[in-house]
Enquirer: 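There's a structure below that I have some questions on.
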Amino acid sequence: MDKLQAEDARYLKRKVKRGSLDVHPTEKALVVQYEVEATILGEMGDPMVGERKECQKIIRLKSLNANTDITTLARRVVEECRLIHPSKLPEVEQLLFYLQNRKKPGNEKHSPRDLTPFEGMELDEEANINCIDDYVELLYEDIPEKVRGATLILHLARNPDNLEELLQNETALGALARVLREDWKQSVDMATTIIYVFFCFSSFSQFHGLVTHYKIGALCMNITEHELKRYDLWQDELQKKKKDPDNQNVKKEHEKALKKYQGLLSKQEQLLRVALYLLLNLAEDTRTELKMRNKNIVHMLVKTLDREDEELLVLVVSFLKKLSIFLENKNDMAETHAVEKLARLLACDHENLLNTTLRLLLNLSFDTGLRSQMVQAGLIHKLSLMLADEKQGQLCMCILYHISVDDRFKSMFAYTDCIPQLMKMLFECGESHMEPELISFCINLAANKRNAQVICEGNGLKMLMKRGLKLKDVLIMKMIRNLSQHDGPTKNLFIDYVGDLAAQIGAEEREEYVIECLGTLANLTIPDLDWELVLKEYNLVPYLKDHLKPAQQEDDEFVCQIVYVLYQMVVHQATRDVIIKDTQAPAYLIDLMHDKNAEIRKVCNNTLDIIAVSTCLSVCLPSLPPSLPPSLPPSLPPSLPPSLPPFLSRHNVSSPSYPIS
């Protein structure tokens, strides 16, 4: 405005025009658009100079959570912000409701605000995006000025609204990358701050190309490796100073060194946390993740599990969990004995760390060798104690289920509190739906003799039979069948239930249910059991005969169980005569000698041998022939839906699906 206009101007007129309302794209905040029109009026009130500017106000809602009363909060927002007209109250409520229920965008990994602010981030001035060139100038000065300049830029980068503008400033980003590359060893604070700036960009997938362009990921790998070596040196120095605790001078030196070490350790863990967060974000691309693996990222992460900082441990375990779905990474974890270090974390009180650790262990429990490491690390006992935990119990059960698949480890469960807790959970289900993990775990445990004794103690077997028979529960009957295979006192408990089991065998019942009942009966090799009476009482011969006809032989397990029942019957003189004289079973058995199933052929052969000897010699055989084969192995429980896909090989995978979020 020229001199004449300045003299003529008398006052300024400012007019605000309300605009639209919307939600912030990444934060829990409302964005209010408005327009400011400024007009300079002359002496006579006529406008001399006018300017119009579009503005926005961000209303951050820090208190907004799942339990917030939306109506009350909306009213408060409208009352305190004059830019929002009271008539907009319903719209404000709707936007707040959306924010309350909005999930994080899929392309956002870890928000720049998720990381806890660390020592050195404090400033005595407010960072301004318009002063970015001044902050860049500081990066060309000495270390203290470089730290200050990087910290000011970091304060700008922590606001996602500034990232696009910073992205356009190649001078600033290039200077930051250069300082980090050349001077990171000179100052931990400076390295931490600069990596934090690039972490802010790595939180959004669309900026990953920028971070890769400046090779920040490779730098972070080198820095992490260097810091872990420094940590080992510190440990060695502390041990040397600790050798003579009675010497007062040595003791003072040790205390002094310990104090210094704790300060260094705190700063180092801040640096590791930021660097590893950035790498975790970049690992979204499996090609980038493979490069990290080739530079021993798994070994570095497992080594970091020795730390005590819980926030750092949550990050490290989360990273390992993501990596664990690939075969190569899983093998690296086995090689570095990661399970042993993870077992230590099960005693922590940090809920997030505990949950993440269990999820990683669940991924690893699909591997036989790693399950052995879990047993050696005492996980059966530790996880059994956590079964009753409402939040972690399900994960513990899934891991224990995987361990129970291996026959070598089944007996170990009998010496923990695991089985009583499982039986309690089983009976608490009543007639309602039972979790597949629970019953499948019980089926596996029932295949061990000592476990079976613990399960059947008290009213255990009675309660199982009651539920199985009343609800026609196939899986409970499968568990009962596994219990019935063990010789000794457990098998004798089944005498009271022979009639109940035999009564279930009929055409009106589901085939898979009948298979389990037949299998249980076939396991009852009890000398005092009168099979002839059972056959006549429950009219089983016609049913068995019908299901041995060629037209009924499609189901191998069904046929195998019937043949095995016949085998048990021909062992005894009374029932043998019924089978030979009153049925066509021998002819069907001969036909089945050509069956493709080896187990069926084997049982048929043994059964026909007994029939042949008894027919030719016309003498009674001993109650148990010398070639009595062992009880048929119990069928496997139904496959649980896996919590992750089978370990994937990189040679045939383009984009893996992650097992646990």
Side-chain angles (χ1 to χ4, degrees), residues 110 112 115-123 135-158 166 169-203 207-208 210-234 260-261 263-283 288 291-292 294-297 299-301 303-304 307 309 311-312 315-316 319:
H110 299 280
L115 272 177
T116 310
F118 52 86
E119 187 180 345
M121 279 182 63
E122 303 85 2
L123 284 173
Y135 306 156
V136 173
E137 288 296 323
L138 293 172
L139 298 177
Y140 293 91
E141 304 295 335
D142 294 332
I143 295 296
E145 285 74 23
K146 287 178 178 176
V147 173
R148 181 174 182 79
T151 304
L152 285 160
I153 296 173
L154 171 58
H155 276 253
L156 295 175
R158 289 189 77 218
L166 287 172
N169 197 324
E170 293 183 11
T171 303
L173 296 176
L176 287 168
R178 177 189 58 78
V179 172
L180 179 63
R181 186 168 54 253
E182 295 176 358
D183 300 332
W184 64 266
K185 287 185 180 179
Q186 296 185 39
S187 168
V188 173
D189 286 340
M190 184 182 68
T192 304
T193 304
I194 295 177
I195 293 173
Y196 203 150
V197 173
F198 285 101
F199 162 77
C200 294
F201 284 99
S202 76
S203 300
F207 298 139
H208 283 189
L210 164 82
V211 181
T212 305
H213 171 74
Y214 289 106
K215 301 188 185 307
I216 303 302
L219 266 172
C220 285
M221 290 289 293
N222 294 337
I223 291 170
T224 301
E225 184 178 18
H226 175 79
E227 292 302 324
L228 291 175
K229 288 178 180 177
R230 284 182 68 200
Y231 177 78
D232 290 339
L233 289 174
W234 295 343
K260 180 183 177 183
Y261 161 76
L264 291 171
L265 183 64
S266 176
K267 286 183 177 291
Q268 186 190 68
E269 288 181 342
Q270 289 170 356
L271 173 58
L272 289 174
R273 204 162 81 243
V274 179
L276 291 175
Y277 252 127
L278 182 144
L279 291 172
L280 176 57
N281 284 348
L282 295 183
T288 304
K291 291 178 183 177
M292 294 181 194
N294 292 337
K295 289 190 174 184
N296 286 329
I297 185 66
H299 291 70
M300 293 183 199
L301 291 169
K303 200 170 184 180
T304 313
R307 304 300 180 101
D309 185 284
E311 294 302 321
L312 176 61
L315 166 63
V316 170
F319 206 155

Enquirer: Is the backbone N or O of Q268 less than 3.5 Å from a side-chain atom of E227, with the two atoms forming a donor-acceptor pair by type?
Expert: no
Enquirer: Should the pair Y261 and W234 be assigned to parallel (<30°), tilted (30 to 60°) or perpendicular (>60°) ring geometry?
Expert: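 Ring orientation of Y261 relative to W234: perpendicular.
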Enquirer: Kindly compute the distance separating CD1 (I297) from CD (E225), expressed to the nearest 0.5 Å.
Expert: 10.0 Å
Enquirer: If you look at every heavy atom in V147 and S187, which pair is closest and at what distance?
Expert: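 In this case the closest contact between V147 and S187 is CG2-OG, 4.0 Å.
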Enquirer: Would you compute the distance between atom CE of M292 and atom CE of M221 and round it to the nearest 0.5 angstrom?
Expert: 7.0 Å
Enquirer: Using every non-hydrogen atom in the two residues, find where L282 and G217 come nearest and quote the distance to one decimal.
Expert: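 Scanning both residues, the minimum pair turns out to be CD1-CA, 4.0 Å.
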Enquirer: Taking only residues two or more places apart in sequence, or in another chain, which ones meet R181 in a side chain to side chain donor-acceptor pair (under 3.5 Å)?
Expert: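 Result, side chain to side chain donor-acceptor pair (under 3.5 Å) vs R181: none returned.
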Enquirer: Not counting sequence neighbours, which residues clear ring-ring contact (aromatic ring centres under 6.0 Å, His included) with H226? List them please.
Expert: W184
Enquirer: Yes or no on side-chain contact (heavy atoms from CB on, under 4.5 Å) for N281 and V211, after CA distance, side-chain angles and deciding distance?
Expert: CA-CA 11 Å; N281 284 348; V211 181; over 6 Å; no
Enquirer: Tell me the closest heavy-atom pair linking C220 and L278, and the distance in Å.
Expert: SG-CD2, 4.0 Å
Enquirer: For D232 and L228, what are the C-alpha separation, side-chain angles and deciding distance, and is it a side-chain contact (heavy atoms from CB on, under 4.5 Å)?
Expert: CA-CA 6 Å; D232 290 339; L228 291 175; 5.7 Å; no
Enquirer: How far does CG of D183 sit from CD1 of I143, to the nearest 0.5 angstrom?
Expert: 5.0 Å
Enquirer: Could you check if a side-chain atom of L154 sits within less than 4.5 angstrom of a side-chain atom of C200, using non-hydrogen atoms only?
Expert: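 Yes, close enough: below the 4.5 Å cut-off.
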Enquirer: Between A157 and V197, which heavy-atom pair has the shortest distance, and what is it?
Expert: CB-CG1, 4.2 Å
Enquirer: Can you measure from CZ (F199) to CZ (R158) and round to the nearest 0.5 angstrom?
Expert: 9.5 Å
Enquirer: Run L156 and Y135 through side-chain contact (heavy atoms from CB on, under 4.5 Å) and show every step you take.
Expert: CA-CA 11 Å; L156 295 175; Y135 306 156; 3.9 Å; yes
Enquirer: First locate atom NZ of K303, then atom OG1 of T224, and finally report the distance between them rounded to the nearest 0.5 Å.
Expert: 12.0 Å
Enquirer: Would you mind reporting whether V316 and R307 have side-chain heavy atoms less than 4.5 Å apart?
Expert: no
Enquirer: Measure the CZ-CD1 distance between R178 and I194 for me, rounded to the nearest 0.5 Å.
Expert: 9.0 Å
Enquirer: Could you tell me which non-hydrogen atom of F319 sits nearest to which non-hydrogen atom of A283, and how far apart they are?
Expert: CE2-CB, 4.1 Å
Enquirer: Measure across V188 and K267 and return the closest heavy-atom pair with its distance rounded to 0.1 Å.
Expert: CG1-O, 3.7 Å
Enquirer: Does E182 CD have over 12 foreign heavy atoms under 6.0 Å away?
Expert: yes
Enquirer: Any side-chain heavy atom of I195 sitting closer than 4.5 Å to one from L219?
Expert: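 Result no, sub-4.5 Å side-chain heavy-atom pair not found.
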Enquirer: Is a side-chain donor or acceptor of D309 paired with a backbone partner of L312 at a separation under 3.5 angstrom?
Expert: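 Confirmed, D309 side chain pairs with L312 backbone.
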Enquirer: Partners of F207 by ring-ring contact (aromatic ring centres under 6.0 Å, His included), sequence neighbours excluded?
Expert: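 ring-ring contact (aromatic ring centres under 6.0 Å, His included) check on F207 returns F201.
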Enquirer: Using a 4.5 Å cut-off on heavy atoms from C-beta on, say whether the side chain of I153 contacts that of L139.
Expert: yes
Enquirer: List the steps and the verdict of side-chain contact (heavy atoms from CB on, under 4.5 Å) for L276 and L301.
Expert: CA-CA 9 Å; L276 291 175; L301 291 169; 4.0 Å; yes
